[in-house]
Amino acid sequence: MRKTLVAGNWKMNMVADEALALAKGVVQSAGEFGQTEALVCPPYIWLSQVNETIKKSTVKLGAQDLFWEDKGAFTGEISAAMIKSAGCDYVIVGHSERRQFFGETDRTVNKRLNKAVDSGLIAIVCLGENFQQRESGLTSSIISSQFENAFLNFDQFDKVVVAYEPIWAIGTGKTASPEQAQEVHQQLRGLLEQKTDKYDTIRILYGGSVKPGNAAELISKPDIDGFLVGGASLKAADFVGIIKSSL
Ligand code: PGA
């Protein structure tokens with residue numbers, strides 16, 4: 001069976017003491033997470049310090065992005081090796097905010113994905129449609145095309161988590177209904193099946209205004225294997241609440 005994964009993407013939030021307090025708050029409840037895997041993805045600058053706080057617990061560490069080159073004159077960028085050496089097991093790739101504000105494309109998602117898994121990281125590959133695309137009935141074709149482009153010439157699916165994040169539900173308070181989310185997750189499961197016979201072991205997360213109050217209903221769907229949580233991961237009680245609702 002697939003192990004539920006609940007990942008907190010802190011985005012560009014938390015100064016030093018807040019980051020440590022949040023990490024401590026999550027770790028304090030880690031004994032109650034059962035089989036569910038908890039992951040925190042702080043800003044790069046706090047990775048090492050958060051790692052010190054969580055490393056004796058079952059809580060895992062991830063980065064929010066990476067660059068695909070190994071090293072060199074790339075001012076402001078972070079390599080896979082740096083992320084690994086800071087204690088990360090996971091890295092998020094292709095988040096819609098990277099696509100929207102920082103020029104990320106399907107092609108650069110593919111490059112980051114390859115570098116991440118070649119470096120021994122597990123990549124959480126994000127995809128999802130925007131409001132206009134959903135309203136125009138384009139959801140399924142957008143999902144297919146983002147999926148095919150992200151995973152072009154790729155076969156290391158044992159090192160991948162897929163995250164469906166409808167852009168219209170991110171940070172908006174609107175959540176996809178469990179049925180809407182399941183429909184896309186089922187489509188993604190089918191796309192994975194065309195790539196690998198291990199399709200049934202790959203986790204597909206839902207992201208978009210997940211809260212303690214809607215997590216249980218979403219996780220009850222057969223192809224929803226966990227969550228990528230933004231806003232609600234910034235309060236330990238809410239993040240822990242989502243994990244507990246997913247048990
Ligand atoms: P949200 O963000 O939970 O604040 O909607 C989700 C995400 O971007 O991962």
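Start at 1 and go down the list; that is how both ligands and their atoms are numbered. In what follows, residues are counted from 1 in the order of the sequence shown.
- Within the 4.5 Å cutoff, side-chain heavy atoms of Glu97 are placed close to those of Ile170.
- Every atom of ligand 1 is numbered from 1 in the order shown, and the set under 4.0 Å from a heavy atom of His95 is 7 (C), 8 (O), 9 (O).
- Every atom of ligand 1 with a heavy atom of Ser209 under 4.0 Å away is listed here by number and element: 1 (P), 3 (O), 5 (O).
- Shortest contact from atom 4 (O) of ligand 1 to any protein heavy atom: Gly231 N, 2.8 Å.
- Residue Gly171 has at least one heavy-atom neighbour below 4.0 Å for each of these atoms of ligand 1: 1 (P), 4 (O), 5 (O).
- Gln35 places no side-chain N or O within 3.5 Å of a backbone atom of Thr4 that could act as its donor or acceptor partner.
- In this structure, Lys221 and Ile219 have side chains that are not in contact, with every pair of non-hydrogen atoms separated by 4.5 Å or more.
- Using a 4.5 Å heavy-atom threshold, the side chains of Phe131 and Ile167 count as separate.
- Distances shorter than 4.0 angstrom do not occur between any heavy atom of Ala232 and any atom of ligand 1.
- No salt bridge links Glu165 with Arg99; every basic N to acidic carboxylate O contact stays at or beyond 4.0 Å.
- The structure places CG of Asp225 at 5.0 Å from CZ of Arg189, a figure rounded to the nearest 0.5 Å.
- Between Gly230 and ligand 1, at least one N/O pair is under 3.5 Å apart.
- In Ala169, the part holding a heavy atom less than 4.0 Å from any atom of ligand 1 is the backbone.
- Of the candidates Gln64, Lys11, Lys174, Glu165, the one placing a heavy atom closest to atom 9 (O) of ligand 1 is Glu165.
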